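See structure below.
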Amino acid sequence: PVRPDGQAIFSLAAAFVAGLAAHLGGLPLAWVIGPLAASAIWAIIGFSVYAPVAGRRAGQLVIGTAIGLKITLAIIATAMWWLPVMLLSAFLAVVLAAIASIPMAAAARTDRKTAFFAMVPGGLSEMANIGASVGAASEPIALTQALRVALVVLLMPPLVFAFGIDGGIAAGNAALPLPLVQTLILLAVAPAGVTVVSRLGISNSWMLGAILAGAVLSISGLAEGSMPRLIFYAGQFALGVAIGARFTRESVKRLPRVIIFASLLIMLMAGALLGFSYAVAALTGFELGTLALATAPGGMAEMAVTAQALHLNVALITTFHVVRAIVINGFSLHYWALYQRLIGEGARPG
């Protein structure tokens, strides 16, 4: 709803309680996973969830600036060394999605163009809009993209945590929390970065623009520290509620086959990318936890927050996801055209 009613206010309260319980229980990424699960359950039951666009953007702004504060010139140089692997992992994700879209179309009884844009790990709204521009059904795409992010967020942190992976990175130049006044100034300046990224025509401008703003202030020495914990938790909360609210009762009732088969294929894709990260780690000797999150088919913000919780290389993981976002969101129509030439769009299975 545009304004919160009684049900929506209760949903926020339930999301907060779920986040607090997950936090007290020591669950990794608690303030994303708890609110996500509570909001999704509440929405699927059929009640209204208050998740305005402004809330999601505020969450992206907080998380993006927090990531930007960790970026240094040394980290940028390291990221450039990894660029070939970043590009390879992004193209591998597209290939896996194209392969997965074939059984997805048949099992979920949808056309191939819808299955293709549903399985490609791009932005949720971006893939729905791009798919719709070539005649694909936007609702199954949006639902599958939301399901992908939710599944990876719910499964990856506990999996990495269960293996006892901890990168040991104590946050570098962001060891101490920023003073409140400096934090507010940072968040006030961050929209300028959003404007720059948006005018360049790059998708996910709120997240990437906030990262840009935080990085510029960090590298210049104007902001040295980390995002205060309570503000960072609030950003995670907003993000979790926004993801959970995507799972409405109507969409789940209308698209059960999409949900079932998309879940299976998403987990297979995630497993294949995890295998790729293991191979890269074995060849390079680099830390597996960082590579696993860097190549995982989850959202940029969610994987970055997970990396922070596990003291991994947040900036490198974020750069992997930035490169993949550009490679996928910027050129997905070209991949679809190539896909059509290779095997044809096909008809809706009967």
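Everything numeric here is computed off the predicted structure, so don't read it as measured data.
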Quiz item: In the hydrophobic cluster built from side-chain contacts under 4.5 Å, what are the other members alongside Val53?
Solution: none

Quiz item: In terms of the angle between their ring planes, are Phe331 and Tyr335 parallel, tilted or perpendicular, with boundaries placed at 30° and 60°?
Solution: tilted

Quiz prompt | Heavy-atom pair of closest approach, residues Ala115 and Thr110 | solution = CB-CG2, 4.1 Å

Practice problem: Assert yes or no for the condition that the ring centre distance of Tyr50 to Trp42 is strictly below 6.0 Å. | Solution: no

Exercise. Scan residues 270-286 for pairs that pass side chain to side chain donor-acceptor pair (under 3.5 Å), counting only residues two or more places apart or in two chains.
Key: none

Quiz item: Just wondering, more than 12 heavy atoms not from Leu24 lying within 6.0 Å of its CG?
Solution: yes

Exercise. Could you pull out the closest heavy-atom pair between His321 and Ala296, with the gap in Å?
Key: CE1-O, 3.2 Å

Practice problem: Let me see the working for Val280 and Phe286 under side-chain contact (heavy atoms from CB on, under 4.5 Å), right down to the final yes or no. | Solution: CA-CA 8 Å; Val280 174; Phe286 199 76; over 6 Å; no

Exercise. For Phe10, look at atom CZ and say whether over 12 heavy atoms of other residues, nucleotides or ligands are found less than 6.0 Å away.
Key: no

Can you give me every donor-acceptor pair (side chain of residues 182-196, partner residue at least two apart or in another chain, under 3.5 Å) with its distance?
unit_1	atom_1	unit_2	atom_2	d
Gln182	NE2	Leu222	O	2.8
Thr183	OG1	Pro179	O	3.0
Thr195	OG1	Pro191	O	3.0

Exercise. Indicate the atoms forming the closest heavy-atom contact of Ala118 with Pro140, along with that distance.
Key: CB-O, 4.3 Å

Exercise. Could you walk me through whether Gln60 and Arg57 pass the side chain to side chain donor-acceptor pair (under 3.5 Å) test, one step at a time?
Key: CA-CA 5 Å; Gln60 290 176 312; Arg57 288 177 174 172; 5.7 Å; no

Exercise. Quick one: closest heavy-atom pair of Ala100 and Met119, and the distance?
Key: CB-CE, 4.0 Å

